[in-house]
2 protein chains.
Amino acid sequence: MDQIDRKILAALQDNGRMKIADLAEAVGLSPTPCARRVANLEDRGVISGYSARVNQAEVGLPVTIFVAVELERQSTEALQAFEAAVRRFDQVMECYLMTGSRDILLRVVARDLTDFDQFLEHRLMRVPGIRNTRSSFTLRTMIDRNQLPLG
Amino acid sequence: MDQIDRKILAALQDNGRMKIADLAEAVGLSPTPCARRVANLEDRGVISGYSARVNQAEVGLPVTIFVAVELERQSTEALQAFEAAVRRFDQVMECYLMTGSRDILLRVVARDLTDFDQFLEHRLMRVPGIRNTRSSFTLRTMIDRNQLPLG
DNA sequence: GGAAAATCGTGGATCAGATCGATCGCAAGA
DNA sequence: TCTTGCGATCGATCTGATCCACGATTTTCC
């Protein structure tokens, strides 16, 4: 994992469909070793895949809500059960286990507030073992970077 | 934006490098109109680009922290100034303007807690106009989906 | 109901890019 | 000095993208 690998990752985060020839030129290699490095990064799992970046608003999901969930119990089993339940909710884009009171933080997307309310009432709140939840609504996404800092 | 477009988006979110022929088969079209639809989605900005998914831990950034920032003033100018400042910090992956007390929420990545402390002290806290900050540390990423729900 | 527009399917041709193997050069380390 | 690893270059081959033309089907709208 040297400087050239980092350049490759930066370039492919920006444009995951870049041609090998262009990528090679961008990082200062010839195409053959450049392709070898990309294949290596994929095999080692540094690159776990490629995705189209889809505009949330354009597909009718303009609303983002963060939900902090506190569980009644913090055992491994309770966490696993909660994770399995939440994994079935496709509105939940991210789920983090937090330090401190062992909260859980969810990032949820929705069509509108009514849609989110449906999610909360009929899906999330029906998961057993939740002590309480606190929802924080976003007004606007100011920054959404897709480039990890690789300096 | 019909059901086929949604299938295309779902498939390309999962694998942004899928061949047109395979994509066409997956969504039940022949390659020619399938390519046409993809080009349309790109032109309309529904697909804003393609990215390699890079494993955060594998590039030495295993730590994710959410930072809630409260500004002293909530004017448009103050927000713009804050946004411009934060945009220069490449550790900040996401930045949301929140409802309520007009907080701001940041998702920050770091090599370790020392690295995060450096960021906090030497970068974020030097931005003028911050009343206070509250950092929440993640222990583990339970779910990180890259598929918007398109049903 | 009917005409117009949009969309799809197929086939063929062309072109760009990926891939692979072989060979060579260079530099670091044993 | 010899080995090893990495990159550069070249040529051959294969795959996939793109574009065209044509006919058929579906949808939309009057």
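Chain letters run A, B, ... following the sequence lines, proteins first, then strands; residues in each count from 1.
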key: Pair A:F119 and A:F89, ring centroids less than 6.0 Å apart   = yes
Which nucleotide in the set [options] lies at the smallest distance from any side-chain heavy atom of [X]?
{"X": "B:R37", "options": "D:dG7, D:dA8, C:dT7", "value": "C:dT7"}
{"X": "A:S30", "options": "D:dA17, D:dT9, C:dG11", "value": "D:dT9"}
{"X": "A:P33", "options": "D:dA8, C:dA18, D:dC19", "value": "D:dA8"}

To the nearest angstrom, how far is [X] atom [atom1] from [N] atom [atom2]?
{"X": "A:I4", "N": "D:dG5", "atom1": "CD1", "atom2": "P", "value": "18 Å"}
{"X": "B:N40", "N": "C:dC8", "atom1": "CG", "atom2": "C1'", "value": "14 Å"}
{"X": "B:L23", "N": "C:dC8", "atom1": "CG", "atom2": "P", "value": "13 Å"}
{"X": "B:Y50", "N": "D:dA17", "atom1": "OH", "atom2": "C1'", "value": "13 Å"}
{"X": "A:E42", "N": "C:dA18", "atom1": "CD", "atom2": "P", "value": "12 Å"}
{"X": "B:D2", "N": "C:dC8", "atom1": "CG", "atom2": "P", "value": "8 Å"}
{"X": "B:L29", "N": "D:dT26", "atom1": "CG", "atom2": "P", "value": "14 Å"}
{"X": "A:K19", "N": "C:dA18", "atom1": "NZ", "atom2": "P", "value": "6 Å"}

Partner of B:Q91 under side chain to side chain donor-acceptor pair (under 3.5 Å), chosen from B:R111, B:R123, B:R107 =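 Among the candidates, only B:R123 passes.
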query = Do A:L23 and A:I8 come within less than 4.5 Å of each other through their side chains, counting heavy atoms only?
reply =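 Yes, at least one pair of side-chain atoms sits under 4.5 Å.
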ask   = Can a side chain N or O of B:R36 be found less than 4.0 Å away from OP1 or OP2 on D:dT18?
value =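 Negative; the distance criterion is not met.
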ask   = Does a side chain donor of either B:N132 or B:E70 reach within less than 3.5 Å of an acceptor in the other side chain?
value =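 There is such a pair between these side chains.
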ask   = Which part of the nucleic acid does A:R17 contact within heavy-atom distance under 4.0 Å: base, sugar-phosphate only, or nothing?
value =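 No contact.
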